[in-house]
Amino acid sequence: MKFFLDTAIISEVEEMLGTGLVDGVTTNPSLIAKSGNDMSDTIAAICSLVDGPVSAEVTATNWQGMVTEGEHLRKIADNVCVKVPLTLEGLRATHHLTQAGHPVNVTLCFSANQALLAAKAGATFISPFIGRLDDIGVDGMDLIADIRAIYDNYPELETEILAASIRSVGHMRESALIGADVATLPAKVMKDMALHPLTSSGLEAFLSDWEKTGQSIL
Ligand code: G3P
């Protein structure tokens, strides 16, 4: 399972890269706005730090505009992945961009049928939004499971499931159990995954007992 960091904050990417756990980065217009930085500069900086795909989202709403913006974004760095919204225009742009050899992440997916269309259009990644479904009282994990089952029915569909809008360690556990290919997560959730109270208390006891021995390894 690949882990992408869901952020447009460069210092956060730098911090988490050191863990060796980050395979790529996803951004969106809201994350760029939150960072307060210029989009092109931010994407260029992140791409220079990360070897894997860095999703940069188009803001045009017609397919020609999305293709033009996508081609422009792809010139920033080789590892830019063009992110387009799951609309009919977005699917048409996906088809054009992928036919031309550009990787595409289709975002704002909220149904299995949308995911099926994205795969048919040749998307590299489909991004189902778990947390936002939970927000409206629909179990976001059911969508990940449905897409996994559908894609597995048709091995010719090569689109990878990129679990997105992940808000908790529970979302990560379930995405991994279902078999999402990738998850994009905030740095906090990645850090929280390493935590367990028994690890903390166990370590405390080990260190306290070790101190009593008066020994040192080095
Ligand atoms: O990758 C999509 C993500 O940024 C959306 O997350 O928490 O705004 O629903 P959220």
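Worth knowing before you read on, the calculation uses all heavy atoms, side chains too, and leaves out hydrogens, waters and symmetry mates. When a ligand or atom number is given, it counts from 1 through the structure's own listing order. Numbers here simply count residues along the sequence, with the first being 1.
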Asks: Ignoring hydrogens and geometry, is there a side-chain-to-backbone donor-acceptor pair from Asn79 to Val50 under 3.5 Å?
Replies: yes

Asks: Looking at atom 4 (O) of ligand 1, what's its closest protein heavy atom, distance included?
Replies: Asp6 OD2, 2.6 Å

Asks: Would one find an N or O of Asn28, backbone or side chain, under 3.5 Å from an N or O of ligand 1?
Replies: yes

Asks: How far is atom 7 (O) of ligand 1 from its nearest protein heavy atom, and which residue and atom is that?
Replies: Arg167 NE, 2.8 Å

Asks: Would you please name every residue forming a side-chain hydrogen bond (donor to acceptor under 3.5 Å, both in side chains) with Arg92, sequence neighbours left out?
Replies: none

Asks: Looking only at distance, does Arg132 have an N or O less than 3.5 Å from an N or O of ligand 1?
Replies: yes

Asks: Sequence neighbours excluded, which residues qualify as side chain to side chain contact (heavy atoms under 4.5 Å, CB included) partners of Ser30?
Replies: Asn28

Asks: Does Glu71 form a side chain to side chain contact (heavy atoms under 4.5 Å, CB included) with Leu97? I'd like the steps, not just the answer.
Replies: CA-CA 8 Å; Glu71 286 168 346; Leu97 287 164; 4.3 Å; yes

Asks: I'd like to check which ligand 1 atoms, numbered from 1 as shown, lie under 4.0 Å from a non-hydrogen atom of Thr184.
Replies: 1 (O)

Asks: To check your reading of the model: name the closest protein heavy atom to atom 6 (O) of ligand 1, its residue, and the distance in Å.
Replies: Ser165 CA, 3.5 Å

Asks: Is it true that Leu133 and Ile147 fall in one hydrophobic cluster, defined by side-chain heavy atoms closer than 4.5 Å?
Replies: yes

Asks: What residue and heavy atom of the protein are closest to atom 2 (C) of ligand 1, and at what distance?
Replies: Phe129 CZ, 3.4 Å

Asks: Any donor-acceptor pair under 3.5 Å linking the side chain of His171 with the backbone of Arg167?
Replies: yes

